[in-house]
Amino acid sequence: MVKKWKSLVFFLLLCAVFLGMFFLFGPGVYNDSDQYIKMHIHREPLYPLFLALLRTWFPEEESWLTAMGILQNLFAAFSIWALAGYVGRRFRLHPWEELVVIFLGVVPHMITMYFSSLHLFITNSVMSEALCLPFFTLFMLECFRMCLETDKKTVGKAAAAGLALSLLLSLTRSQMMLTILIWLVVAGVKILLAKGAAGKKLLRLSAVTALVVCVFAMRMFAVKSYNLVFNGHFINNTYGTVNTLTNILYAADREDGGRIEDEEARDFFYRMYDLTEERQANYKYAGNSLKEKTEHIEAWHDTIKYEMIEDVFYQTYDKYVTSDYIIQNLMADETAGKIIRGILPGCFLRWCGNYLLIAHYGLIRSIAVVHPVLNWAAAFIYLSAFVLMWLIYRKDKANDAVRLMAVALLAIAANVAAVSITIMCLSRYMIYGFVPFYIGYFLLAVTWYREYGKKR
């Protein structure tokens with residue numbers, strides 16, 4: 001009974017915090033918000049459908065925005081409460097220790113408000129991250145269950161819930177297709193570490209791989225069907241290839257354009273490249289230090305994408321082809337692909353170097369804020385986490401805290417690797433790994449103190 005009351009108090013506390021943030025600061029509408037509201041071809045279906053449903057129920061703008069904020073904040077509160085409750089039970093945490101876990105769940109929302117470039121409370125905003133972050137928290141909860149539990153039914157339920165959540169996540173943000181692969185890795189490792197014959201393990205691995213293929217196929221069909229209903233075309237979301245071109249164009253030299261076989265695509269490349277040269281927006285003007293190079297890429301990324309790639313494409317299409325934005329997007333993606341195939345071989349190593357620069361800021365932003373001092377602090381935190389994992393693993397190879405941290409690190413690595421390919425690693429893209437990582441770190445510290453620290 002006491003535990004139920006404690007759980008209820010924690011949930012009400014979280015609801016008060018999140019709803020308080022909403023009623024204090026109100027809903028946030030930003031540049032990208034209009035695309036979700038208008039069901040733009042760039043955007044994945046789940047969040048626009050969520051907004052459309054709210055607009056159906058609450059026709060007045062002020063009403064549906066209020067409903068949106070309340071629901072998003074309650075969902076965030078629930079996801080943190082559910083994760084903290086499971087961790088508290090599994091690791092037998094004291095109430096104050098569970099409060100630490102809850103506090104860690106709230107911290108990312110403070111970071112995006114006070115340290116990110118947009119200064120927003122994610123769950124107050126008309127942005128897909130408002131659903132994506134709670135979904136991801138619940139997804140990680142199911143991955144932790146898959147990894148830590150031994151009862152077959154419990155593991156099976158967690159696997160089913162985790163895979164379903166990964167599908168929902170992929171329909172909320174394309175970036176989150178990585179969760180399907182995270183699920184596959186966690187499920188695969190669980191199978192390989194289980195007792196049993198090698199043949200049975202191989203069959204199970206084949207089965208979960210087939211499931212993942214089916215989920216990707218379901219995701220593609222759902223996106224295309226959504227676009228057919230609301231945009232009149234049975235197609236995937238557009239714009240991905242144009243996004244990918246941005247960082248590749250940044251790393252290119254003008255002579256790389258000679259490798260582009262298609263004449264029209266080659267002409268587009270030269271016009272885009274000349275704009276980057278004119279405004280000193282490519283790698284040549286990035287400075288010498290790692291800090292200067294990384295900050296130069298981030299400073300120019302959006303300008304290159306919008307003003308030196310998009311505008312060149314769309315102004316040309318408006319004048320000579322069509323003003324239909326969907327057709328323009330399809331043409332731009334096709335031409336961007338031709339440009340990439342031509343120039344990437346010549347600038348591949350430089351692009352890889354820039355990719356690592358972007359990724360290293362992504363690793364920092366996954367657990368901290370980029371700052372000359374905090375960068376070193378983040379490196380120390382990562383190193384100390386690995387040291388703690390190793391020290392505990394040496395004494396107990398089946399330790400739950402070590403396993404949980406391994407899943408958290410997998411999530412961070414996957415997110416950084418995926419985002420760094422197409423865009424810069426801003427806080428709101430990286431924040432997903434913060435809660436699992438610091439919960440894992442806290443549990444490692446608690447485990448070390450309980451099991452080994454007291455004995456000294």
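Only heavy atoms go into these numbers, but all of them, side chains included; no hydrogens, no water, no symmetry mates.
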Aromatic ring proximity, centroids under 6.0 angstrom, [Y] and [X]:
X	Y	answer
Trp351	Tyr355	yes
Phe22	Phe18	no
His296	Tyr283	no

Restricting to ring pair (Phe, Tyr, Trp, His ring centres under 6.0 Å), what partner residues turn up for Tyr429, sequence neighbours left out?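 Applying ring pair (Phe, Tyr, Trp, His ring centres under 6.0 Å) to Tyr429 gives none.
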Polar contact flag, side-chain donor to acceptor under 3.5 angstrom, [X]-[Y]:
X	Y	value
Ser63	Trp57	no
Ser128	Tyr36	yes
Asp318	Ser323	no
Thr303	Arg279	no
Ser174	Arg219	yes
Tyr432	Gln175	no
Asn124	Gln72	no

Between the side chains of Glu98 and Lys6, is the shortest nitrogen-to-carboxylate-oxygen separation below 4.0 Å, so that they form an ion pair?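 Looking at Glu98 together with Lys6, the answer is yes, because their closest N to O distance falls below 4.0 Å.
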Within 6.0 angstrom of Lys293 NZ, more than 12 heavy atoms from elsewhere: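 Counting neighbours around NZ of Lys293, more than 12 heavy atoms of other residues, nucleotides or ligands fall under 6.0 Å, so yes.
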Least distance between heavy atoms, Glu298 atom then Cys425 atom: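 In terms of heavy atoms, the two residues are closest at OE2-N, 4.4 Å.
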Could you report the tightest heavy-atom contact between Cys132 and Met176, atom names first, then the distance?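 Nearest heavy atoms, Cys132 then Met176: SG-CG, 3.3 Å.
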